[in-house]
There are 2 protein chains.
Amino acid sequence: MLHEEVVGRVRAMLLEGEIPPGARIPERDLCEKLQISRTPLREALKVLAAEGLVQLLPNRGSRAAKLTDKDMRDLFEVCQGLEALAGELACERITDAEIAAVAAAHAAMAQHYQDNDLLQYYRCNRAIHEAIVTAAGNPVLSGLYESVTARIRRARYVTPMTPPRWELALQEHEAILNALRRRDALGLAHILRTHLRHKREEVLQAGFAETENPGVARAQLRLQA
Amino acid sequence: MLHEEVVGRVRAMLLEGEIPPGARIPERDLCEKLQISRTPLREALKVLAAEGLVQLLPNRGSRAAKLTDKDMRDLFEVCQGLEALAGELACERITDAEIAAVAAAHAAMAQHYQDNDLLQYYRCNRAIHEAIVTAAGNPVLSGLYESVTARIRRARYVTPMTPPRWELALQEHEAILNALRRRDALGLAHILRTHLRHKREEVLQAGFAETENPGVARAQLRLQA
DNA sequence: TCCTTTATTTTTGAATTCAAAATGGTCAAT
DNA sequence: ATTGACCATTTTGAATTCAAAAATAAAGGA
């Protein structure tokens with residue numbers, strides 16, 4: 001179905017930053033680029049607006065949602081709560097095979113840490129957290145988590161990780177893995193909460209939200225190109 | 001804007017049960033009823049599908065989502081987690097005025113309990129929980145909570161409350177209020193979790209009412225004929 | 001020169017139209 | 001009588017069209 005396809009493509013463009021936060025989205029241009037008519041695109045925009053990725057302005061079109069500092073804090077809080085919940089549920093339901101998968105991802109991540117490969121490290125990190133959420137066996141939870149993390153990821157293109165922070169993160173991950181192995185629900189929930197609080201502090205401290213307009217100007221240019 | 005209006009109207013129809021779970025939604029009929037063209041209605045249906053209230057079948061139209069037992073359990077689990085998070089946050093941020101409001105609602109609820117007025121009791125109950133979520137001061141959280149509770153509410157039109165259950169619920173609410181007054185975040189989170197687990201047991205045990213699916217009904221009729 | 005006002009163009013919101021897929025019904029064949 | 005193929009009708013998916021609102025450009029006056 002075309003509709004689903006379009007939602008996916010546009011969502012990807014938003015998450016990849018191809019359409020930067022705050023950028024206006026001229027329907028006609030996007031239609032041309034995607035080779036579709038306006039009808040399915042507009043449907044997709046409404047859906048993405050409901051997801052919080054797009055902002056609709058009455059009679060003035062839509063723009064990519066721009067997150068304020070407060071929005072970011074809120075998203076992190078919720079993400080934290082969802083992960084803690086996922087951890088608790090995962091402890092009840094996770095299989096040995098799934099734990100092994102998490103352990104493998106953790107090992108790979110540690111290796112990337114040694115190699116100082118930040119990008120690959122992030123990939124593994126995300127895989128671990130997603131594996132835990134999946135292990136919770138709750139599609140509703142998975143859906144909300146996906147939605148929230150997508151919005152967060154979109155805002156921070158790059159997080160500068162100081163060495164001590166990085167080391168701490170790794171230690172926390174080790175603790176997470178151990179709690180999972182012990183199937184210690186409360187312990188895991190607690191670790192996940194502090195782990196994410198640390199990440200939040202990192203991101204918020206870095207100051208992701210530039211309120212200047214040059215970014216918007218660039219957005220228009222890139223979209224036309 | 002028409003689009004928002006339509007989403008709201010159709011969502012209400014779904015939540016009120018005017019469109020029962022599992023029912024097919026013929027676009028043309030609904031357009032006629034709402035006096036609009038198909039375009040805005042279809043946009044609305046896509047949004048509601050993203051919210052989980054409507055199910056889209058490729059080339060076969062849409063139907064009101066029908067929740068399975070598992071879906072219900074998942075929703076409750078998430079709702080539980082969200083409320084616990086809201087409670088923790090509320091303890092940090094709630095004002096004395098807001099606490100007073102919760103206390104008032106609680107008192108009213110206790111009165112309705114005395115009067116055996118289940119409907120009004122539910123109204124107050126919901127108001128209390130929503131007040132706590134609001135007091136968390138996190139719009140992202142509020143949005144997700146709203147979405148999840150809406151889906152839950154849709155499934156259970158009526159929950160048969162046995163007297164002992166009801167009494168227990170009231171006691172738990174008393175404990176919730178006290179924890180709020182003490183601003184005891186961990187305590188409140190714990191109480192909210194058990195409180196909602198009890199409610200979930202109630203609902204799941206009752207076997208939430210399944211309204212008849214027209215398609216199924218017709219199939220059965222033809223079989224008998 | 002700058003601001004206000006008006007006309008033109010562009011863009012959005014929603015209805016209509018068109019094509020494709022599915023549904024329902026009829027009729028022949030076994 | 002039941003099954004299966006074929007055609008008509010309905011319904012959906014997406015493009016196009018039309019109207020209204022906003023943005024832009026232009027002209028006139030202080």
Side-chain angles (χ1 to χ4, degrees), chain A residues 1-11 13-14 19 22-51 53-66 213 216-217 219-225, chain B residues 1-11 13-14 19-20 22-51 53-66 213-225:
Chain A
M1 193 165 317
L2 185 51
H3 165 73
E4 297 294 335
E5 170 75 12
V6 174
V7 172
R9 296 258 331 244
V10 177
R11 186 193 287 121
M13 292 173 94
L14 290 165
I19 303 175
R24 285 205 48 184
I25 302 176
E27 295 180 2
R28 203 173 149 283
D29 297 8
L30 242 189
C31 286
E32 227 167 80
K33 182 176 276 190
L34 299 177
Q35 294 289 350
I36 55 171
S37 79
R38 280 177 56 215
T39 307
L41 175 64
R42 287 172 57 80
E43 288 174 354
L45 289 176
K46 311 273 201 240
V47 169
L48 293 170
E51 284 180 23
L53 285 170
V54 165
Q55 185 179 4
L56 299 178
L57 310 167
N59 288 320
R60 282 208 235 142
S62 43
R63 50 178 55 220
K66 185 162 197 172
N213 284 344
V216 173
Q220 286 282 13
L221 282 175
R222 285 187 63 183
L223 212 71
Q224 287 172 0
Chain B
M1 190 162 319
L2 183 51
H3 165 72
E4 297 295 334
E5 169 75 12
V6 174
V7 172
R9 297 256 332 244
V10 177
R11 187 193 287 121
M13 292 174 92
L14 289 165
I19 303 176
R24 285 205 50 183
I25 303 175
E27 296 179 2
R28 205 168 155 287
D29 297 7
L30 241 189
C31 287
E32 226 166 81
K33 182 175 277 187
L34 299 177
Q35 293 289 350
I36 56 172
S37 79
R38 280 177 56 215
T39 307
L41 175 64
R42 287 173 56 80
E43 289 174 353
L45 288 176
K46 310 274 201 240
V47 169
L48 293 170
E51 284 180 25
L53 285 171
V54 165
Q55 185 179 5
L56 298 178
L57 309 167
N59 289 319
R60 282 207 239 142
S62 45
R63 49 178 56 219
K66 184 165 197 171
N213 176 338
V216 172
R218 233 175 338 130
Q220 286 172 347
L221 277 177
R222 284 186 64 186
L223 218 73
Q224 287 173 359

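Since we're looking at a predicted model, the values are computed, not measured.
C:dT12 atom P lies 10 Å from atom CG of A:L45, rounded to whole Å.
Candidate nucleotides C:dT12, D:dT11, D:dA14 were compared by shortest atom distance to the side chain of A:L2, and D:dA14 ranks first. In the set C:dG13, C:dT11, C:dT17, the nucleotide with an atom closest to the side chain of B:R38 is C:dT17. With C:dT16, D:dT11, C:dG13 as the choices, the nucleotide that has an atom nearest any side-chain atom of A:R42 turns out to be C:dG13. The side chain of A:E27 approaches C:dG13 more closely than any other nucleotide in the set C:dG13, D:dG13, C:dA15.
Side-chain N/O atoms of B:R28 include none lying less than 4.0 angstrom from OP1 or OP2 on C:dT16.
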Inset, instruction - Step by step, work out the side chain to side chain contact (heavy atoms under 4.5 Å, CB included) result for A:V10 and A:L53. - result: CA-CA 10 Å; A:V10 177; A:L53 285 170; over 6 Å; no
Could you give the side-chain donor-acceptor pairs of residues 38-46 of chain B under 3.5 Å, partners two or more places apart or in another chain?
unit_1	atom_1	unit_2	atom_2	d
B:R38	NE	B:E27	OE1	2.9
B:R38	NH2	B:E27	OE1	3.1
B:R42	NH1	B:E27	OE1	3.4
B:R42	NH1	B:E27	OE2	2.7

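Remark: A:R28 pairs with A:E32 by the side chain to side chain contact (heavy atoms under 4.5 Å, CB included) rule, at least two apart or across chains.
Counting atom types as modelled, A:T39 pairs a side-chain N or O with a base atom of D:dA15 as donor and acceptor under 3.5 Å.
Residues B:A64 and B:P20 share a closest heavy-atom pair of CB-O, 3.4 Å. Residues A:A50 and B:V47 approach most closely at CB-CG1, 3.9 Å, considering heavy atoms.
For the contact set between residues 54-62 of chain A and DNA chain D, defined by any heavy atom under 4.0 Å, the members are A:N59, A:R60.
Proximity of a side-chain donor or acceptor of A:R24 to a complementary backbone N or O of A:R63 within less than 3.5 Å is not detected.
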